[in-house]
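Structure, as structure tokens:
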Amino acid sequence: MSRFFVLYSMFLLIFSVLSFLSYSAYHSGYVHLNLLFYAEKVLLAREGDPPRLENIGFVYPPLAFLPFWVVKDYLLVSPLVSAFVLTAFLTFLLHRCQAPVYALLILLLLNPLLLFLAVYRFEVLTFYLLLTMSVVMLVLHMERGYSLYLFVGGFLFGLCFFLDFRSLFLIPFLVFAIYLSTKEKSLGYRLALMIVKLAPIVFFSFAWLYLNWIFTESPFTFIKSPYSFFKSEPLDPSLLSVRGNLLKTLEYTTIKLLNYLPIILPYLLVLFSLRKYRYMYLTPVFLIYLSPVILMMLSVYFSTFFPAYYHTVLFLLFAITFQATFGIKASRSLVLAFIISFLSSWLLPLVSKEENERNFVRFLITGEIKSNLESYKKVAQVLKDCDKVLLDDAGGFPIVYLVGDPKKFYLPYMYEYYTVLSYPEIFADCLIVDKANANDKVMVRFPKASMGFLKGYSLIYEDERYNVFRR
């Protein structure tokens, strides 16, 4: 009973802090648009025209949408999920941590980059935590030989696919690590271990291919679609010359790791500490510990990487989890490394290319944040008097969600969308052009609309991003 009370209190404390940060930023006019994206897709699936599960699109990992089916208030989704997974993670660690390590956990929890993920990017944080736990379970199996560790680790790794498709990049890497850890075993034993560890993610990935094929007529829609998860991150121009080139990928990754060095310093110290452990499984442990580096490098190679500082959270999770799992002493150098990492996490993101994490860290420091909802709210208010609206929700999804009635809109998922786009004056009372999106379907169809001219319509609202026309 007392243990449950401690866990529940821990969950409530984390949830309260995260919710407070989420609502504080919202009242200042800011929310991460990813939350509105997921919320809008779930709204289309529940109340679209017609309401269908495939309105979600099948191009993004599905577990990111699941909480929005249960929790109505999108501002609470990320704090709620993050509080749950962090409580579970801390419960696992506290069974293995010695008293001096508690301070390191507090530094980790107060890290602004982890707070950013917990408040807004719960799917990224959950992926990082599941991946960390999955590889630790594999290490525990190597050390103790209990098959339960391997089974649980395999299932957690399988769930990683439904949070981040790039988890597939690690399959060959883990196969090699399992092979090295079982050199003295028979081929059948090695294959059994690989099947237990990798069967869930292989099964989940083939199931996803099948669902894509059934609903979109192509098993690779989630890869090829212009709205694919693999194309969801902003494109760093410096990656254009790196893609597909192994040497340039290594160079780019090395430079980024050096940029991250003040934050990931504990990761390096724990890596060096692993040399104390017996050679029989030392090499595979080293390989497994390098999973964040491998994932980052392959993401760079395939141009699915954007240089945000929140990637360092995965390195810190690996550091503190391996430190606890192997009972590595919390030496002065390790504690100092965590302090340097903590302080750097407050400073380096202030010059980040990733606007959301930069704004969030500045908000934690100053209490002020740049509003990003004002334009969407004004457009949603203008549309109240319109019966039918033509819109491309690739960039206009916040408008759809804020209006709250998806049946009011003609959107790309609808069969009749391109007919309406060809002859809008017959069907749509209002039409919205996103001037900031060069691929906006409405603007591509009517280029002059970005300048305020559209035959059969009059301009009723204009701001820096949107033009709204009424018939």
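Bear in mind the structure is a predicted one, so any value in this text is a computation, not a measurement.
Note that CZ of F305 is 9.0 Å distant from CZ of R166, once rounded to the nearest 0.5 Å. How far CG of L7 is from OG1 of T91: 4.5 Å, rounded to the nearest 0.5 Å. Here L138 contributes atom CG and K197 contributes atom NZ; the two are 5.0 Å apart, rounded to the nearest 0.5 Å.
Counting heavy atoms from C-beta on, the side chains of I294 and L287 never come closer than 4.5 Å. Side-chain contact between N356 and N34: absent, with no pair of heavy atoms (C-beta onward) separated by less than 4.5 Å. Contact check for L86 versus M10: no side-chain heavy atoms found under the 4.5 Å cut-off. Side-chain contact check for L113 versus S345: some heavy-atom pair is nearer than 4.5 Å. Using a 4.5 Å heavy-atom cutoff, the side chains of F15 and L76 are in contact.
One N or O on the side chain of N372 and one on the backbone of V31 form a donor-acceptor pair closer than 3.5 Å.
Residues F302 and F169 bring their aromatic ring centres within 6.0 Å.
Here the closest heavy-atom approach between residue W346 and residue V361 is recorded as O-CG1, 3.6 Å.
Test V81, L66, L163, D164 against E123 for side chain to side chain contact (heavy atoms under 4.5 Å, CB included) and you get one pass: L163. The only option from Y267, Y310, Y309, F315 that meets the ring-ring contact (aromatic ring centres under 6.0 Å, His included) definition with Y260 turns out to be Y309.
Below 30°, between 30° and 60°, or above 60°: for F65 and F37 the angle between ring planes is between 30° and 60°, a tilted geometry.
In Y23, the OH atom is crowded: over 12 heavy atoms of neighbouring residues, nucleotides or ligands sit closer than 6.0 Å. Within a 6.0 Å radius of CZ in F11, more than 12 heavy atoms belonging to other residues, nucleotides or ligands are found.
The pair D393-K41 meets the salt-bridge criterion, since a charged nitrogen lies less than 4.0 angstrom from a carboxylate oxygen.
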